[in-house]
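Scroll down for the structure; my scribbles are underneath it.
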Amino acid sequence: MATVHLRIGDLVWGKLGRYPPWPGKIVSPPKDLKKPRGKKCFFVKFFGTEDHAWIKVEQLKPYHPHKEEMIKINKGKRFQQAVDAVEEFLKKGKGKEQSTDSKGRKAPAKPMKIIEEDDEDPFKGGSSDKPASSMETISKRLKIIEEDTGSTSIQAADSTALNGSITPTDKRIGFLGLGLMGSGVVSNLLKMGHVVTVWNRTAEKCDLFIQEGARLGRTPAEVVSMCDITFSCVSDPKAARDLVLGPSGVLQGIRPGKCYVEMSTIDHETVTELSQVITSRGGRFLEAPVSGSQQVSNEGMLVILAAGDRSVYEDCSSCFQAMGKTSFFLVGEVGNAARMMLILNMVQGSFMATIAEGLTLAQATGQSQQTFLDILCQGQMASSFVDQKCQNILQGNFKPDYYLKHIQKDLRLAISMGDSVNHPTPMAATANEVYKRAKALDQSDNDMSAVYRAYIH
């Protein structure tokens, strides 16, 4: 069985989560950073980025033997910049593949970890050596899951998003709205090789993405006219309507066959209205709100809920794989995804308010808030959401990951939806009042966890 020896100082290709193989260097980890338990891995610093992480040995390959292979399968301006950074590093004489001791002598070839070359290769997305069309590749590597409810989900065939081998669609992609969620989505679309044109109400937010290879659209109408599929992700129903119906808006750029994908979390009435005006001009419409946060968006691990034109959903396959870990197509009328998303956010917002209430009650009764969190994280309600939000509260860190004003908006819309079908939502209504109190305390632009401050003022 062939093996490849790796050690500190080696240049490698590393697979990090859903991202494509990226050039990096094995380095010594910081003293205060513990190695993950039970995992054979190295600490890798990636080129062309500030990212560094523990990477499993099976997700690593030596740099030079696989350079041409990786360059062929990976595209994008940032990727090329990373490769250029490696080459510059090598030119400076610091990129030797073998480590040396303090006197410049070659160190003994004692590997820290071993990659078994006979194992399944996580860098390859399929067994065929022949190139396939985008849709053929995607179709082979997707699992289509039909549920009892009739909904369908398209998921990556493994937990690493097809091991980074996403074949980007050849369709031109537009994106409107570069807020907390949209910024992460666009970044991942670019990383996976999509051709993206961006627009944002505050034009300065586009600059970073232009540097990463995106194109700039001067107006929403121009973006839609230039692109085959245009996504939008804005703050609320009014912003969504203004984007489509306002001056130089989306509707002015819609022509027969143009696709518009609404990713904002809004009510089903607004979604239905937007669908009708888009399709009346011959456009194709899909709603696809996303469940997650800024961090989840940056990591490309959003959950996407879609409804509307099924063919648009299929055309968006490579985009959804780049931005999310799972996407669901909800059968039935346009608006079903909006309804489902509001229900999910209603539950999340109510839960966050309850956690804040528990933390403050612990403090009021003389209990340790940290102990409360430690116990909570060992029980059935343990989750990364609970741990992260509570730790941030205890540290007084309310940097927005999901704006408090937006979760309050979602609660308000969910309560209204309940009223429209005469369904009681007393828990959500109570939570909504707590968030309104937090907004009155100037917490709107903080993270949703800042609802905690409504209990201590």
From [X] atom [atom1] to [Y] atom [atom2], the distance as rounded to the nearest 0.5 Å:
X	Y	atom1	atom2	result
I210	T197	CD1	OG1	8.0 Å
H268	S275	NE2	OG	13.0 Å
Y260	I229	OH	CD1	13.5 Å
M352	L404	CE	CG	10.0 Å
E269	M417	CD	CE	9.5 Å

Test H194 against L190 for side-chain contact (heavy atoms from CB on, under 4.5 Å), laying out the working first.
CA-CA 5 Å; H194 295 83; L190 291 170; over 6 Å; no
Who are the salt bridge (Lys or Arg N to Asp or Glu O under 4.0 Å) partners of K67, not counting sequence neighbours?
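If we apply the salt bridge (Lys or Arg N to Asp or Glu O under 4.0 Å) test to K67, skipping adjacent residues, the hits are E87.
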For D447, give me all partners under salt bridge (Lys or Arg N to Asp or Glu O under 4.0 Å), at least two apart in sequence or on another chain.
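Partners of D447 under the salt bridge (Lys or Arg N to Asp or Glu O under 4.0 Å) test: K389.
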Do the non-hydrogen side-chain atoms of [X] and [Y] ever get within less than 4.5 Å of each other?
X	Y	value
R215	V196	no
C316	F231	yes
I415	R412	no
N345	L411	no
Y403	S235	no
N432	K436	yes

Side-chain donor-acceptor pair under 3.5 Å between [X] and [Y], yes or no?
X	Y	value
S449	Y402	no
D84	Q80	yes
T279	R284	no
K439	Q408	yes
Q81	E212	no
Q295	S293	no
D267	T270	yes

Using a strict threshold of under 4.0 Å (side-chain N to carboxylate O), is an ion pair present between [Y] and [X]?
X	Y	value
D236	K409	no
E433	R437	no
D10	K25	no

Quick one: does R310's side chain have a donor or acceptor within less than 3.5 Å of a partner on A307's backbone?
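No; zero donor-acceptor contacts below 3.5 Å.
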Quick test of your reading: applying salt bridge (Lys or Arg N to Asp or Glu O under 4.0 Å), list the pairs with at least one residue in residues 193-209, sequence neighbours left out, ordered by first then second residue.
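Residue pairs passing salt bridge (Lys or Arg N to Asp or Glu O under 4.0 Å), neighbours aside: none found.
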Going through the distances and angles, do F175 and C233 end up as a side-chain contact (heavy atoms from CB on, under 4.5 Å)?
CA-CA 8 Å; F175 205 96; C233 188; 4.0 Å; yes
What's the verdict on side-chain contact (heavy atoms from CB on, under 4.5 Å) for V44 and V27, showing C-alpha distance, side-chain angles and the deciding distance?
CA-CA 6 Å; V44 177; V27 299; over 6 Å; no
Closest heavy-atom pair and its distance - L286, D309:
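Reported closest heavy-atom pair: CD1-O, 3.6 Å.
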Check this for me: M226, atom CE, are more than 12 non-hydrogen atoms of other residues, nucleotides or ligands nearer than 6.0 Å?
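Check passes, neighbour count above 12.
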Is there a side-chain contact (heavy atoms from CB on, under 4.5 Å) between M323 and I304 once you walk through the steps?
CA-CA 9 Å; M323 67 180 75; I304 301 141; 3.7 Å; yes
Is the distance between the ring centroids of F42 and W54 less than 6.0 Å?
no
Can you tell me how the ring of Y63 sits relative to the ring of W13, calling it parallel under 30°, perpendicular over 60° and tilted otherwise?
parallel
